> 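Can you keep this structure in mind? I'll have questions shortly.
Since the structure is predicted, the reported quantities are computational estimates derived from the model, not experimental observations. Labels below follow one simple rule: chain letters A, B, ... track the order of the sequence lines, proteins then strands, and each chain is numbered from 1.
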Number of protein chains: 2
Amino acid sequence: MAEATPRAMREHYHHGALRQAMIAAAEEVLAERGLGGFTLRECARRAGVSPAAPAHHFGNLTGLLTAIATLGFDDLSTAMDAAVAAAQEAGTSRLAAIARAYVETALANPGRFRVVFGQRGIDREDPAFRAASTRAFAILVREVRFGRGLPPLQLPDGKPSADALDPELPEVLLAWSAVHGFSTLLIDGALDFLAEGNRQAFLDRHAARLFGLLASALSVEDGPVSAREA
Amino acid sequence: MAEATPRAMREHYHHGALRQAMIAAAEEVLAERGLGGFTLRECARRAGVSPAAPAHHFGNLTGLLTAIATLGFDDLSTAMDAAVAAAQEAGTSRLAAIARAYVETALANPGRFRVVFGQRGIDREDPAFRAASTRAFAILVREVRFGRGLPPLQLPDGKPSADALDPELPEVLLAWSAVHGFSTLLIDGALDFLAEGNRQAFLDRHAARLFGLLASALSVEDGPVSAREA
DNA sequence: AAATCATCTTGACGGCGTCAAGATAGCGAG
DNA sequence: CTCGCTATCTTGACGCCGTCAAGATGATTT
């Protein structure tokens, strides 16, 4: 497949599905070496193609990363939706399930997760990316509203009107910030001094309590419920 | 100062304070071009020195970034402590003040903030870095405990014993995750589709509510306050 | 005054992303 | 059926990157 003989080159001069092949190679490289070790040339190498070939399909490195980011966002949506369905079934907290799914997706392939959040130049105006991003955000909004006993919002097609989701925005932002922050802190090793070399044990020990705390914080009806016996 | 004549070169063959100069240059580059446009060679250029000169002081790029990260963590600590003092004075929520300070620090110099959290290879085992990191974490722990009406923890010197801070760990993690996640989402532009081109207005509009929500969530006395009428 | 040592320069290496120019092949129009 | 068109891919080059080995320089110690 990656033959170097003139014969094979002649036969495969036109790759035929380079775009797909590049994306597959990119996912591979990200999983293997992370975002730091990610290289356009290496992806081209694995796709069995010259370094300049991808330009025609993706424009440049940013284009490739944007494509990866779009897929990554879709995976995030898929994982969250699946988690919600499972929690629904099991009768457990849907918000906690979403949180778990988000963090697990990030930890499963940190390099890819970092691409999604543009640690290395993606095109946020790209229509496909925007669509994927909006889709994921809508899931979060829907679940936060569900957690507060509110009916789902009518999301015509494009982005939800800012006014419509304004009332619950702080809750949504808190939810997203918390799961996203926890994910990045874990990925970047900022919590390693607490995990003492065993990240999984650390998660088993504290993640559920953290997610539960978040879910219950978001379910609280109104203002400060403190002042209980302070 | 950055003369190129042999004369000046001879006079300045030994820079004398290259370490400082490199750090200053690095901060400059980070502020100007962000972490993506950050380059060891560019820093050396601004310090008026050859590309290989910094090696003697920092080892390699990672060494320089680690030094920057250490300073960045210290700034985070300073900002948080100042915010707490101010809130104390004003009688407002100390936790909300810390949150605001954290986010503001991140937004003030995103490139530097990204260095702190190792988006580009730092040495987390570096003693100075570890100390700075522990210091900042201790502030967070102290304030979360204060918010819950608990006395400050005895932190001998090194890291706090894991057992001692175990009870409040979920709250601390939630606090850190939320402020960190909000910061990175903002920095990475993931919230731009909500901010509609005016990030400051967006913050003015929603940040206070978000921080207030977080602070009150952390002040809740005990377990799930949900199940109220679910 | 001589020797030692930290500091800095020079020149080179391989790897990167990108670009211009040319080779190749599939495809539609005649 | 063939001719040309166009999308696709290669080649070779450019400037930039981080790093290294070897040598120059100057401060410090002996």
> Rounding to a whole Å, what distance do you find between A/Glu42:CD and C/dG14:C1'?
14 Å
> For B/Ala128, is there any backbone N or O sitting under 3.5 Å from a side-chain donor or acceptor partner on B/Asp126?
yes
> Provide a list of protein-nucleic acid N or O atom pairs under 3.5 angstrom, restricted to nucleotides 3-6 of chain C.
none

> Short question: side chain of B/Arg94, backbone of B/Ala87 - any donor-acceptor pair under 3.5 Å?
no
> Just how far is it from atom CG of A/Leu214 to atom CD1 of A/Ile98, taken to the nearest 0.5 Å?
10.5 Å
> Return the residues of residues 19-39 of chain B meeting this criterion: a heavy atom under 4.0 Å from some atom of DNA chain C. Order them by number, or give none.
none
> Would you say the side-chain atoms of B/Arg199 pair up with the backbone N or O of B/Leu186, donor to acceptor, closer than 3.5 Å?
yes
> Please determine if a side-chain N or O atom of B/Arg45 lies less than 4.0 Å away from the OP1 or OP2 oxygen of D/dC17.
yes
> Please state whether the rings of A/Phe113 and A/His180 are parallel, tilted or perpendicular, taking 30° and 60° as the class boundaries.
tilted
> Examine distances only and state if a side-chain atom of A/Thr105 and a backbone atom of A/Leu76 form a donor-acceptor pair shorter than 3.5 Å.
no
> Students often mix this up, so state it plainly: with edges at 30° and 60°, are the rings of B/Phe202 and B/Phe182 parallel, tilted or perpendicular?
tilted
> Here's a test of your reading of the structure: between B/Leu40 and A/Ser50, which maps to the more 5' nucleotide of DNA chain D?
A/Ser50
> Taking NZ, NE, NH1 and NH2 as the nitrogens, is one of them in A/Arg33 or A/Glu42 under 4.0 Å from a carboxylate oxygen of the other?
yes
> Using 0.5 Å steps for rounding, measure from the CD atom of A/Glu28 to the CZ atom of A/Arg46.
4.5 Å
> Heavy atoms within less than 4.0 Å of DNA chain D: which residues of residues 57-65 of chain A have one? Give them sorted by number.
A/His57
> Would you indicate whether B/Gln20, at its atom CD, is surrounded by more than 12 heavy atoms from other residues, nucleotides or ligands within a distance under 6.0 Å?
no
> Can you tell me how far P of D/dT10 sits from CG of A/Leu18, to the nearest Å?
8 Å
> Quick one: B/Arg41 CZ to D/dC17 P, roughly how many Å, whole number?
6 Å
